[in-house]
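Naming convention: chains lettered A, B, ... in sequence-line order (proteins, then strands); numbering from 1 in each chain. What you are looking at is a predicted structure, and each value in this text was computed from that prediction instead of being measured.
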Number of protein chains: 4
Amino acid sequence: MSQRPDPDQPPASGTGARRPPDPSRRNARSRAAILGASLQLVGEVGYARLTIEAIAARAGVGKQTIYRWWPSKAAVLLDAFTENGGEPGAEPAIPDTGDLAADLRAVLRATADEFSDPAFEAPYRALAIAGAQDADLSREFDARLAGGGIEVYITRLRAARDAGQLREDVDLRLAAEMLTGPFFQRWLARRGPLDHDFTDALVDTVLAGLRPRG
Amino acid sequence: MSQRPDPDQPPASGTGARRPPDPSRRNARSRAAILGASLQLVGEVGYARLTIEAIAARAGVGKQTIYRWWPSKAAVLLDAFTENGGEPGAEPAIPDTGDLAADLRAVLRATADEFSDPAFEAPYRALAIAGAQDADLSREFDARLAGGGIEVYITRLRAARDAGQLREDVDLRLAAEMLTGPFFQRWLARRGPLDHDFTDALVDTVLAGLRPRG
Amino acid sequence: MSQRPDPDQPPASGTGARRPPDPSRRNARSRAAILGASLQLVGEVGYARLTIEAIAARAGVGKQTIYRWWPSKAAVLLDAFTENGGEPGAEPAIPDTGDLAADLRAVLRATADEFSDPAFEAPYRALAIAGAQDADLSREFDARLAGGGIEVYITRLRAARDAGQLREDVDLRLAAEMLTGPFFQRWLARRGPLDHDFTDALVDTVLAGLRPRG
Amino acid sequence: MSQRPDPDQPPASGTGARRPPDPSRRNARSRAAILGASLQLVGEVGYARLTIEAIAARAGVGKQTIYRWWPSKAAVLLDAFTENGGEPGAEPAIPDTGDLAADLRAVLRATADEFSDPAFEAPYRALAIAGAQDADLSREFDARLAGGGIEVYITRLRAARDAGQLREDVDLRLAAEMLTGPFFQRWLARRGPLDHDFTDALVDTVLAGLRPRG
DNA sequence: GATTAAGCGAGACGGTACGTCCGGTCTTTTT
DNA sequence: AAAAAGACCGGACGTACCGTCTCGCTTAATC
């Protein structure tokens, strides 16, 4: 006996770096249940009172299954939102009919409608709040969500500028921010209704400042 | 909310509502310590990890002293901010030199500078987050803070319109939101630097869309 | 006034040494409920499946109230046992009628009866098991429980030796262990019934080896 | 023996009893690694903190391989102990040189020495604790371990009685318990050192009470 | 030699309990 | 009566293991 166990600690079983789990073994049913439960619950109680335990219970899942795959409840929501609520991944470009004003009005009207749907609004607000608290998450959020992203606006505006519909020296990023910023602020800080009058007026006023002189 | 029924009813209570404390007996030293500790701590750990217990401990104060006078940690921060960080009470109107563009540029430059100071930025971000989660608080926040309010912009823009510097039919509220919304979004979602180039370009582009036609 | 506690770093709030709670502020009702629930539960499910959470739930108490005052579930049981089941604190000396054999027979019979009562047996076994796993607890256990202590036997045997009823050179501790050891082993390892025949025979055989020669 | 899913079971077994594994296909290397790891670990962390997961990890084995072959961690330890630490299977009878006192002294001295070896003591204590919590395991333990069993003492004492060295009416089981009980108690409850002085005195005092009168 | 059915290493899974942290209430003592 | 202190009930945290359950992969035994 005695048989000492090889004195150099194998992996020591200590609290060392945890190996990442194997995604190929992931249970798709559990994943879907978690994402679904997250969206339900954030709509029912809001982000501040959303708990991992409640998600696990609603999804019929062990807490560890959540902690194994997501670093935070915000990350769960982000997945839930991009999967079930937002656009799956591809950037939904703004259509280009040649009429910039019409195109932007259509997009902002659609966006306003989306933000009036509580099933969309609650998780989106949760993610905006989480992003405001965590820069890393904010980047993830922007990278994966089309609605909040300004890149699609920049693309459309660039096409318009190249077609001579906007001033040559227009700052495309600033222009895009002028279209989304007032909308975002009005929504997040609840400064007023998100109706079509608002979005139409916004588009028109912004474009009025960007058109070629003449 | 939740509002437990309080089993031992005082004999003639009527509504059973807790009698409010007498403000005249309030300890000013404790109040100041609590507000100061809140600002310190929100700068150190952020809003999500700010706790009432930590504020009480840092302030050398009993927890009950906080619960007696404020309904939530956001309310504490709001008091702390208006007292120590923001303008104490008077609305700081935007100056009117006659040159609208110059006045707005100056104000937005100053605001950008403020938001670059971490001692200002941390509690303000905390309040924005808390307001995004709670509509009541959001109203309080807007009512009491000058910097985030748009009324001052509306006032200055109205003067410019009345002086014929803007179109007759300008939507003053929308115009104000176009000045503050891109700024707010860029700041809260960390979409870019808040420098003078940005604010100047913002002012110029917005005003370009508002000027009287040809 | 009232000496502020040095504004920088109060107690650091770090994970440092936790200050001990103030026993004078302890809630006696909670304490009694916890001890009672422990005894109930250990009788129902045994020591291995006894959990702090179940004790807290049964007692209608927060878990922290247990962790605040006891370091382990074994320590809770020890308090519970000495308060409700065992002798409150004073060492219950073995009576001295002059007849050593009769006195020991009476004590061991009484002890056997006690160990036949499940309400006594379950927590006592739990403590014996806990003590076997933790030397510190074992010492506490021995120091505070009369039934398992051998000091009372030594005291009675010394009186008998001084009265000339035992050999001059008798090893009192060994003699006491010979009275309690077989009993303890038979009980803990369930090697046989703890009846009066057993205890009487044990006393007689031990004393047969200890009497003065002649 | 194509072994369809258990012929004598109705087709819709559902929760049916799990078919026992085939011992002939067992991996001897895994078995040895598990038993070795168990002994190592119980020595390092004690019984209470010994986990199946740690055994599997240390042994480089899947958890299921343990659950397939053993019903509990105590059962693993029991195998580990009888294989590596204790006597493999044959009952090691107490030698009979004709001198009962000398034979018992030798056996108890050897036993004391064994219990002073941590590599032996740790798993033995673990098994004693497990046995104290579970009567079934206790029986298994007694049936398979020579050192802790009292049958060998009874056998040796019977021979002595038949040779006229003990009283005719001696209770052999009680006598055996008087030899092992004090030893067991002193060891398990850590009441004192297990040295040769103790075991010699124990043997002598016990035998003093058992010898024929006159 | 191909098939097939374990046993096996690995580890994800639904759960339970852990011990800690904090929310909000209550009580005691001091100012 | 307010305040400092902090005990209290409750509930969520993130972690550790439980015992079960797939996954390939390897290894025998049967075809």
Side-chain angles (χ1 to χ4, degrees), chain A residues 15 18-19 21-27 29-30 49-54 56-57 59-69 71-73, chain B residues 2 4 6 18 21-27 29-30 49 51-54 56-57 59-69 71-73, chain C residues 1-2 5 15 18-19 21-27 29-30 49-54 56-57 59-69 71-73, chain D residues 1-3 18-19 21-27 29-30 49 51-54 56-57 59-69 71-73:
Chain A
T15 324
R18 172 161 304 285
R19 255 187 306 94
D22 177 352
S24 74
R25 297 196 158 234
R26 191 161 184 182
N27 184 326
R29 184 190 301 278
S30 294
R49 293 213 299 252
L50 176 67
T51 67
I52 299 271
E53 285 204 328
V61 141
K63 279 200 289 178
Q64 198 59 51
T65 301
I66 299 180
Y67 286 111
R68 179 152 39 229
W69 300 109
S72 68
K73 66 179 178 178
Chain B
S2 67
R4 285 212 315 201
D6 203 87
R18 172 164 294 284
D22 177 354
S24 74
R25 308 200 60 163
R26 189 163 186 182
N27 183 326
R29 186 188 298 277
S30 294
R49 294 207 307 229
T51 68
I52 299 274
E53 293 215 333
V61 138
K63 281 200 292 179
Q64 196 57 47
T65 303
I66 300 180
Y67 285 112
R68 183 156 30 234
W69 299 107
S72 67
K73 66 178 179 180
Chain C
M1 89 138 85
S2 85
T15 325
R18 172 162 301 286
R19 253 189 307 92
D22 178 352
S24 76
R25 296 199 160 229
R26 190 162 185 181
N27 184 325
R29 185 190 301 277
S30 294
R49 294 210 300 244
L50 177 67
T51 68
I52 299 271
E53 285 203 329
V61 141
K63 279 199 291 179
Q64 198 60 48
T65 303
I66 300 181
Y67 286 111
R68 178 152 41 232
W69 299 110
S72 67
K73 68 179 179 179
Chain D
M1 91 145 66
S2 56
Q3 185 71 359
R18 166 162 300 285
R19 198 158 25 69
D22 178 352
S24 73
R25 308 198 66 168
R26 189 163 186 183
N27 185 327
R29 183 190 302 276
S30 294
R49 295 209 304 232
T51 68
I52 299 273
E53 292 215 335
V61 140
K63 282 199 292 180
Q64 197 58 47
T65 302
I66 299 179
Y67 285 112
R68 179 151 40 227
W69 300 108
S72 68
K73 69 178 177 179

The criterion is side-chain contact (heavy atoms from CB on, under 4.5 Å); which residues satisfy it with [X], sequence neighbours excluded?
X: D/A54; result: D/L41, D/T51
X: C/R26; result: C/R31, C/W69, C/W70
X: B/R68; result: B/P21, B/Q64, B/T65

In whole angstrom, what separates [X]'s [atom1] from [N]'s [atom2]?
X: D/Q64; N: F/dT20; atom1: CD; atom2: P; value: 7 Å
X: A/W69; N: E/dG14; atom1: CH2; atom2: C1'; value: 15 Å
X: D/E53; N: F/dT15; atom1: CD; atom2: P; value: 15 Å
X: A/R49; N: E/dG23; atom1: CZ; atom2: P; value: 15 Å
X: D/K63; N: E/dG14; atom1: NZ; atom2: C1'; value: 12 Å
X: A/R29; N: E/dG14; atom1: CZ; atom2: C1'; value: 14 Å
X: B/Y67; N: F/dA2; atom1: OH; atom2: C1'; value: 18 Å

Of the nucleotides E/dG7, E/dC18, F/dC13, which has the atom closest to the C/I52 side chain?
->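 Given the options E/dG7, E/dC18, F/dC13, the side chain of C/I52 is closest to E/dC18.
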Nucleotide nearest B/V61 (side chain, heavy atoms from C-beta), chosen from F/dA4, E/dG14, F/dC8 |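 Within the option list, the nearest is F/dA4.
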Give me the atom names and distance for the closest heavy-atom approach of [X] to [Y].
X: A/I66; Y: A/V61; result: CG1-CG1, 4.3 Å
X: C/A56; Y: C/G62; result: CB-C, 4.3 Å
X: A/I52; Y: A/K73; result: CD1-CB, 3.9 Å

Which is true for A/S30 with a 4.0 Å heavy-atom rule: it touches a base, it touches only sugar-phosphate, or it touches nothing?
->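 Touches sugar-phosphate only.
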What nucleic acid atoms does D/R26 come within less than 4.0 Å of, heavy atoms only: base, sugar-phosphate, or nothing?
-> sugar-phosphate
What residues, two or more places apart in sequence or in another chain, satisfy salt bridge (charged side-chain N to carboxylate O under 4.0 Å, His left out) together with C/K63?
->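 For C/K63 the salt bridge (charged side-chain N to carboxylate O under 4.0 Å, His left out) partners, ignoring immediate neighbours, are C/E53.
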Of B/P71 and D/P21, whose closest DNA chain E nucleotide lies nearer the 5' terminus?
->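 Closest to the 5' end, via its nearest nucleotide, is D/P21.
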Scan nucleotides 23-25 of chain F against the protein and return all N/O pairs shorter than 3.5 Å with their distances rounded to 0.1 Å.
unit_1	atom_1	unit_2	atom_2	d
F/dC23	O2	A/R25	NH2	2.6

Contact under 4.0 Å: B/R68 side-chain N or O vs F/dA2 OP1/OP2 =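 Negative; the distance criterion is not met.
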B/T65 side-chain N/O to F/dA4 phosphate OP1/OP2 under 4.0 Å =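 Yes, B/T65 has a side-chain N/O under 4.0 Å of OP1/OP2 on F/dA4.
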Find which nucleotide of DNA chain F each of D/S24 and C/D22 is nearest to by heavy atoms, and output the residue with the more 5' nucleotide.
->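 The residue closer to the strand's 5' end, by nearest nucleotide, is C/D22.
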